[in-house]
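Remember, it's a predicted structure, so these values are computed and weren't measured experimentally. In what follows, every heavy atom counts, from backbone to side chain, and hydrogens, waters and symmetry copies are set aside.
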Amino acid sequence: MSPYVVVALLMVGVSTSTGMDTCKIDCTHNLPFTADPVDCRNYYICYGFFEHSEFPFTCDSGMFFDLNSHTCLSSGYKCTPDCEKCSFDCAAPVLGKKSKYSDCGVYFDCEHNDWISCSPDDPYFDGHVCQKDEYHCCTCKSSCSDYDVANHVMVPDYRNCTNFYLCLEPGIPDESTTAIVQR
């Protein structure tokens with residue numbers, strides 16, 4: 001077998017960090033694993049200072065990747081800070097994709113200049129991939145976190161700039177899960 005074929009086989013599945021700094025996959029710490037800046041439940045395998053696995057690996061159910069120990073933990077973990085994973089402009093795309101303001105099931109592939117529709121099995125684009133959780137959608141929808149519910153936070157209603165949602169439960173607010181407050 002040619003040495004060129006061996007090198008090519010070794011490079012399959014390896015990616016380098018080329019995204020925006022806020023969403024950069026960081027392998028500069030010289031450890032075997034690093035956090036996924038988009039999802040606290042995931043991590044990447046580092047192959048070198050600037051190389052990592054092409055796709056993230058997911059911790060077991062109920063576990064999160066801890067920044068301090070670089071392992072998956074069920075409690076006492078410290079997550080990566082949220083990065084702005086949703087881009088609405090190909091001039092500065094995150095991961096080469098642009099979200100559509102009005103439709104969470106569609107995104108634009110900036111590299112191939114093409115609109116892509118998510119499948120019915122994974123209908124919601126989260127800025128990175130199509131997946132099942134509407135809470136991670138990249139449209140202009142408000143969302144309530146556990147913190148928002150516990151602290152009675154009001155989030156804006158992006159469809160009507162005079163309304164706010166009082167968070168009563170986590171998730172994407174609507175009339176059935178929140179109280180609408182008019183100003």
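- A continuous path of hydrophobic side-chain contacts links Met154 to Leu168 [ILVMFWY only; heavy atoms under 4.5 Å].
- For Asp26 (side chain) and Thr28 (main-chain N/O), a donor-acceptor pair under 3.5 Å exists by modelled atom type.
- Checked against side chain to side chain contact (heavy atoms under 4.5 Å, CB included), Ser117 has the following partners two or more places apart in sequence or in another chain: Val106.
- For Asn30, the CG atom is loosely surrounded, since the number of other residues' heavy atoms within 6.0 Å does not exceed 12.
- Each of Leu31 and Ile25 belongs to its own hydrophobic cluster when Ile, Leu, Val, Met, Phe, Trp and Tyr are linked at side-chain heavy-atom distances under 4.5 angstrom.
- Proximity of a side-chain donor or acceptor of Glu169 to a complementary backbone N or O of Val149 within less than 3.5 Å is not detected.
- Residues Phe50 and Cys27 are not in side-chain contact: their nearest non-hydrogen atoms beyond the backbone lie 4.5 Å or more apart.
- Using a 4.5 Å heavy-atom cutoff, the side chains of Val155 and Cys167 are in contact.
- Legend: residues meeting salt bridge (Lys or Arg N to Asp or Glu O under 4.0 Å) with Asp109, ordered by chain and number and at least two apart, are absent.
- Note: Tyr44 and His52 have perpendicular aromatic rings, judged against thresholds of 30 and 60 degrees for the angle between ring planes.
- Residues satisfying the ring-ring contact (aromatic ring centres under 6.0 Å, His included) criterion with Tyr43, sequence neighbours excluded, are Phe33, Phe57, Phe65.
- The structure places CG of Asp114 at 7.0 Å from CZ of Phe108, a figure rounded to the nearest 0.5 Å.
- Across all their heavy atoms, Gly127 and Ser99 have their closest contact at CA-OG, 4.4 Å.
- To the nearest 0.5 Å, atoms CG (Asp66) and SG (Cys72) are separated by 9.5 Å.
- The side chain to side chain contact (heavy atoms under 4.5 Å, CB included) check on Ser74 picks up Met63, with sequence neighbours excluded.
- Between Lys132 and Tyr124, the shortest heavy-atom contact is O-CD1, 3.2 Å.
- Looking at residues two or more places apart in sequence or on another chain, you find a side chain to side chain contact (heavy atoms under 4.5 Å, CB included) between Ser119 and Asp121, Asp122.
- Remark: His29 engages Thr34 in a side-chain hydrogen bond (donor to acceptor under 3.5 Å, both in side chains) (not counting sequence neighbours).
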